[in-house]
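To start, the structure under review is shown below, and the notes come after it.
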Amino acid sequence: MSLTVLMNAGPWLSVPPPGYGGIENVVATLVPELRRLGVRVVLASVGTSALPVDELVSVYPDGQFSALQRPYNQVCGVAQAHLAGVARELHARDDIDLVHDHVEAVGLATLAAMGPDAPPALHTLHWDLAKHPALYGHLDGGDRVRVNGVSASQLARAPQALRDHSVGHVHLATPLAVDAHRRPGPLKGDHVVVLGRINPGKGQDVAARLAHRYAFPLVLAGPVGPYHRPEDLAAAGDEARQNPDVRFFLDEVAPHVDGDRVRWVGTVAGRDRDDLVASARVALFPLRWEEPGGTAVVESLALGTPVVATARGCLPELIDDGRTGLLTDDEERLGELVLAAGRIDPEECRREAAARFTPAVMAQRYVELYDRVRQLASARLQPV
Ligand code: UDP
């Protein structure tokens with residue numbers, strides 16, 4: 001019997017996303033593999049989504065991401081309108097076996113509130129679970145709504161009510177991992193890369209300080225708030241400081257950016273991103289938060305770049321310390337580890353990614369969870 005899944009990617013960006021888009025990228029990575037496994041996919045997204053699916057349902061013609069810059073009272077209806085459209089769809093049809101939802105907070109709240117008429121649902125938690133304590137601390141999805149995390153460590157820190165609804169975790173994946181061990185390794189340069197949003201949790205200030213202290217060339221790649229290019233940030237003037245990530249960059253990181261030892265290159269995409277990471281000596285993650293899923297970490301492995309990181313969040317699950325990277329609890333030791341990372345074999349990193357972080361591995365695991373969620377939902381309906 002074939003399975004029909006309504007995959008709810010939300011109203012913010014098309015799938016695949018035009019540039020940055022973590023969740024939309026996960027959906028774009030997962031759906032083709034699910035369909036290869038025979039799952040019928042109805043995608044709930046915006047009208048401009050071009051991912052091949054069996055059916056697209058949408059409320060908005062295009063991505064509403066730019067609305068997120070507006071005040072809450074103007075923007076709070078956007079995700080709700082999208083979810084109301086999904087709820088209408090679920091009420092109107094009977095061919096959906098399961099909802100796989102990715103919409104932060106409102107997706108979970110709506111599906112839990114829909115009651116027994118709605119199909120079983122799996123809500124993937126892509127973010128830091130210290131958020132939304134009032135929602136997560138009192139969640140009641142009955143036997144019908146379940147959640148999964150993107151790492152075990154993320155779930156371990158979740159409120160009890162949320163953990164009670166959990167069916168486990170699924171690590172993130174990257175298409176770069178497919179046959180990664182068969183690709184020839186590119187020539188390594190001398191640089192160390194930090195790939196990610198510029199944000200205190202990602203620790204670019206630590207990386208920049210260490211680069212000067214331990215004398216290694218450092219490239220910081222990623223957006224600063226809404227600014228993707230240094231010239232856009234420069235042109236924005238003082239108003240840009242309203243954004244906390246801009247303030248962090250200007251106050252804590254920029255003083256170390258000298259355009260030589262430490263460079264900020266803005267957001268890199270596509271081939272440029274892959275080349276920058278693949279040619280790096282080390283991918284550095286000087287984390288100051290509990291990284292929930294770490295897409296950039298698995299991408300670095302797939303590109304054959306050893307990871308040096310703070311041992312926080314999902315890092316100890318993704319990195320085999322001493323084999324695919326070097327981890328430490330001590331921020332100050334990261335500099336020494338960057339210098340020691342030459343002993344990690346890039347081939348080993350690529351092999352690890354090909355074995356653990358391909359879209360096929362992720363899809364297989366989700367199919368198992370779909371089965372589990374449906375079993376748990378139907379167990380309650382059986383006569384005792
Ligand atoms: N990314 C990118 N270009 C950049 C910086 C980041 O394409 O200049 C991508 C990166 O490759 C990864 C995603 O943005 O796919 C970041 O996801 P991750 O889970 O590492 O961090 P998040 O921002 O979701 O906390």
Side-chain angles (χ1 to χ4, degrees), residues 9-10 12-13 15-30 65 68 102 104 124-131 149-151 153-154 169-177 180 191-204 207 218-230 232-233 244-245 248-249 253 257 263-280 283-305 307 309-310 312-315 317-319 325 353 357-359 362:
W12 304 116
L13 293 164
V15 183
Y20 186 82
I23 289 166
E24 294 77 7
N25 258 322
V26 173
V27 173
T29 301
L30 174 63
F65 189 73
L68 281 176
H102 301 265
E104 183 163 355
T124 298
L125 301 155
H126 291 273
W127 34 82
D128 173 9
L129 303 183
K131 291 168 96 180
V150 290
S151 67
S153 74
Q154 174 207 29
H169 68 274
V170 183
H171 285 143
L172 295 168
T174 170
L176 295 167
H191 63 280
V192 170
V193 68
V194 177
L195 179 70
R197 290 175 286 125
I198 312 268
N199 170 274
K202 304 276 185 188
Q204 282 89 353
L218 177 70
V219 180
L220 304 173
V224 174
Y227 305 103
H228 290 280
R229 299 182 311 166
D232 297 339
L233 177 60
D245 288 345
F248 166 69
F249 177 73
V253 185
V257 175
R263 293 189 295 138
W264 172 49
V265 296
T267 302
V268 289
R271 238 347 250 281
D272 290 343
R273 180 198 65 177
D274 298 352
D275 290 346
L276 175 69
V277 176
S279 63
L284 178 59
F285 296 87
L287 302 172
R288 266 211 219 88
W289 77 324
E290 310 302 332
E291 183 76 41
T295 311
V297 176
V298 300
E299 289 165 349
S300 300
L301 293 180
L303 291 164
T305 299
V307 168
T310 332
R312 292 188 70 159
C314 63
L315 269 292
E317 289 169 53
L318 303 182
I319 300 300
F357 303 121
T358 60
M362 175 169 73

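Counting starts at 1 for both ligands and their atoms, in listed order.
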Could you identify the single nearest non-hydrogen protein atom to [atom] and state the distance to 0.1 Å?
atom	result
atom 13 (C) of ligand 1	Y20 CE1, 4.2 Å
atom 20 (O) of ligand 1	A296 N, 3.0 Å
atom 21 (O) of ligand 1	K202 NZ, 3.1 Å
atom 5 (C) of ligand 1	L195 CD1, 3.5 Å

Taking only residues two or more places apart in sequence, or in another chain, which ones meet D274 in a side-chain contact (heavy atoms from CB on, under 4.5 Å)? L176, L303

Residues passing the side-chain contact (heavy atoms from CB on, under 4.5 Å) test with F65, sequence neighbours excluded, are W12, L13, L68

If every non-hydrogen atom of L318 is compared with every non-hydrogen atom of G294, which pair is closest and at what distance? CD1-O, 4.0 Å

Pairs of nitrogen or oxygen atoms closer than 3.5 Å, one from [X] and one from ligand 1: do any exist?
X	answer
T267	no
P223	no
E299	yes
V268	yes

Tell me, please: is A269 in heavy-atom contact with ligand 1, that is, under 4.0 Å? no

Could you tell me whether the side chains of H171 and E317 share a donor-acceptor contact shorter than 3.5 Å?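 Result is yes, a qualifying pair exists.
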
Please list, in number order, the atoms of ligand 1 under 4.0 Å from a heavy atom of G222. 4 (C), 5 (C), 8 (O)

Distance under 4.0 Å to a non-hydrogen atom of R197: what atoms of ligand 1 satisfy this?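 Near R197, the atoms of ligand 1 are 22 (P), 23 (O), 25 (O).
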
Taking side chain as C-beta onward, heavy atoms only, is W127 less than 4.5 Å from I23? yes

Using the salt bridge (Lys or Arg N to Asp or Glu O under 4.0 Å) rule, take R229 and D232 through it: C-alpha gap first, then chi angles, then the decisive distance, then the call. CA-CA 5 Å; R229 299 182 311 166; D232 297 339; 3.0 Å; yes

